[in-house]
Amino acid sequence: MHTIAVLALDGVIGFDLTTPLEAFGRTRLPDGRSPYRLRVCALSEEVDAGAFTIRAPYGLETLDEADTIIVPGVAAPGTPPPPEVIAGLRRAAEAGTRIASICAGAFVLAAAGLLDGRRATTHWVAAEFLAARYPAVEVDPDVLYVHDGQILTSAGAAAGLDLCLYMIRCDHGSAVAADAARLSVMALEREGGQAQFIVHEQPPTPRGSLMEPVLRWMEDNSARDLTLDEIAAHAGMSTRTLNRRFREQTGTTPLQWLHRARIRRAQHLLETTTHPVDRIAAQVGFGSPTAFRDRFKRVAGLSPNAYRRAFR
């Protein structure tokens with residue numbers, strides 16, 4: 001039987017802690033057997049979970065025995081994990097154990113050095129903090145979960161359930177995962193690349209960077225039909241240099257950044273106005289409503305009308 005250790009640290013978020021317990025605990029194989037053995041482990045017997053206290057029946061030695069380790073988020077993600085926890089996670093990683101995080105649990109994995117040189121995600125609110133605190137991590141704030149080798153990370157709240165269902169599907173196939181999804185009243189097919197529902201108006205601009213004036217100008221003129229040549233001319237550099245510096249400082253290209261700026265503005269208009277979708281497409285700089293709908297769904301994970309119904 002596959003043993004899953006769920007690590008409970010002080011300040012653990014209750015939702016994140018119980019998500020894997022419910023998802024894996026309810027999973028059944030076609031013959032009715034449970035394929036997973038769940039163990040909640042902690043450094044000490046009692047764990048402060050904010051509004052309540054939990055008693056963990058297993059100690060950190062469970063990390064050495066587990067086939068999979070799941071690290072839920074904690075309320076203060078910047079708090080350094082205890083040295084014993086870091087040592088246990090590193091031993092498990094060296095032994096080839098599958099290790100996953102839910103929401104801000106990515107900070108614990110990053111503190112242990114397990115995300116260095118890897119692509120990872122966390123809740124979009126904390127993504128910029130994670131990237132700044134651990135620059136060796138390639139943080140992708142726009143996806144539900146990331147599977148990079150033996151390490152998996154997920155975004156906040158419901159994305160943790162998406163990750164658990166994905167792991168069940170990897171272990172036992174789609175039929176078993178679909179049954180687990182139905183028990184959770186959850187869609188199985190929200191793929192990891194689907195965007196998180198990010199609600200800031202514009203993509204964050206690197207403060208104090210050489211590109212900041214150009215990015216501000218692009219924000220102010222995002223409704224115009226800007227070309228790469230025009231952006232480069234405003235920046236006073238060649239298009240090749242512009243692309244290189246853009247990637248260095250924002251991790252993307254000028255036109256991709258511009259598209260995201262337009263989509264964030266569209267999200268704001270969808271939430272706060274009753275303007276028709278075609279009008280919003282023109283307001284944010286898309287010449288074609290069809291192109292706007294395609295781009296919006298690619299970035300936000302659902303259509304403009306569905307987004308408006310969900311968030312207005």
Side-chain angles (χ1 to χ4, degrees), residues 7-17 19 48-50 69-83 85-86 89-90 93 99-148 151-163 192-212 215-216 219 246-252 256-257 260-261 263-264 267-268 299-301:
L7 178 61
L9 300 174
D10 276 334
V12 66
I13 297 170
F15 189 99
D16 295 356
L17 176 70
T19 292
D48 178 8
I69 297 170
I70 298 179
V71 183
V74 292
T79 304
V85 169
I86 290 179
L89 290 173
R90 287 176 176 170
I99 302 176
S101 65
I102 295 177
C103 195
F107 283 81
V108 179
L109 303 191
L114 304 188
L115 300 184
D116 288 357
R118 294 182 183 272
R119 180 169 163 258
T121 193
T122 187
H123 194 293
W124 66 266
V125 168
E128 193 172 353
F129 181 30
L130 179 64
R133 191 176 183 90
Y134 300 102
V137 182
E138 181 188 345
V139 180
D140 186 345
D142 293 338
V143 296
L144 297 177
Y145 56 83
V146 172
H147 185 178
D148 189 333
I151 308 295
L152 301 94
T153 53
S154 69
L161 183 53
D162 289 297
L163 177 63
Q194 180 172 320
Q196 296 186 44
F197 294 121
I198 303 175
V199 297
H200 51 261
E201 245 183 74
Q202 302 286 9
T205 300
R207 303 295 177 184
S209 70
L210 293 174
M211 297 303 298
E212 183 176 359
L215 296 175
R216 293 298 177 198
E219 285 182 9
F246 233 90
R247 282 202 175 277
E248 289 172 352
Q249 297 187 27
T250 70
T252 188
Q256 286 172 337
W257 192 95
R260 285 185 176 274
I263 295 303
R264 301 303 181 232
Q267 286 179 302
H268 174 73
V299 173

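Here the structure is a predicted model, which means the values were calculated and not measured.
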### Task
Please confirm whether the backbone N or O of Cys103 pairs with a side-chain atom of Thr122, one donor and one acceptor, at under 3.5 Å?
yes
### Query
For residues 103-118, which residue pairs qualify under salt bridge (Lys or Arg N to Asp or Glu O under 4.0 Å), counting only residues two or more places apart or in two chains?
Arg118-Asp148
### Message
Quick check for you: to the nearest 0.5 Å, what is the distance between Leu89 atom CG and Leu7 atom CG?
### Response
6.0 Å
### Query
Are the side chain of Arg133 and the backbone of Gly78 linked by a donor-acceptor contact shorter than 3.5 Å?
yes
### Query
OG of Ser154 to NE2 of His147: how many Å apart, nearest 0.5 Å?
13.0 Å
### Task
Quick one: closest heavy-atom pair of Pro141 and Trp124, and the distance?
O-CB, 4.1 Å
### Message
The criterion is side chain to side chain contact (heavy atoms under 4.5 Å, CB included); which residues satisfy it with Val139, sequence neighbours excluded?
### Response
Ala127, Leu130, Ala131, Val137
### Task
Enter the distance from Asp16:CG to Leu161:CG here, rounded to the nearest 0.5 Å.
11.5 Å
### Message
Tell me the closest heavy-atom pair linking Thr19 and Gly160, and the distance in Å.
### Response
CG2-C, 3.8 Å
### Task
Indicate the atoms forming the closest heavy-atom contact of Val108 with Val85, along with that distance.
CG1-CG1, 4.4 Å
### Closest heavy-atom pair and its distance - Ala158, Phe15
N-CE2, 4.2 Å
#### Entry: Test salt bridge (Lys or Arg N to Asp or Glu O under 4.0 Å) applied to Asp48 - qualifying residues, sequence neighbours left out
none
#### Entry: Any residue meeting side chain to side chain contact (heavy atoms under 4.5 Å, CB included) with Ala100, in chain and number order, not counting sequence neighbours
Ile70, Leu152, Leu163, Met167
### Message
So which atom in Asp140 and which in Arg119 form the shortest heavy-atom distance, rounded to 0.1 Å?
### Response
OD2-NH2, 3.0 Å
### Message
How close do Ala106 and Leu115 get, counting heavy atoms only, and between which atoms?
### Response
O-CD1, 3.5 Å
### Query
Which residue pairs satisfy the salt bridge (Lys or Arg N to Asp or Glu O under 4.0 Å) criterion with at least one member in residues 100-110, sequence neighbours excluded?
none
### Task
Could you tell me which residues satisfy ring-ring contact (aromatic ring centres under 6.0 Å, His included) with Phe129, sequence neighbours excluded, listed by chain and number?
Phe107
### Message
Closer than 3.5 angstrom, by distance alone: can the side chain of Thr153 be matched with the main-chain N or O of Thr121 as a donor-acceptor pair?
### Response
yes
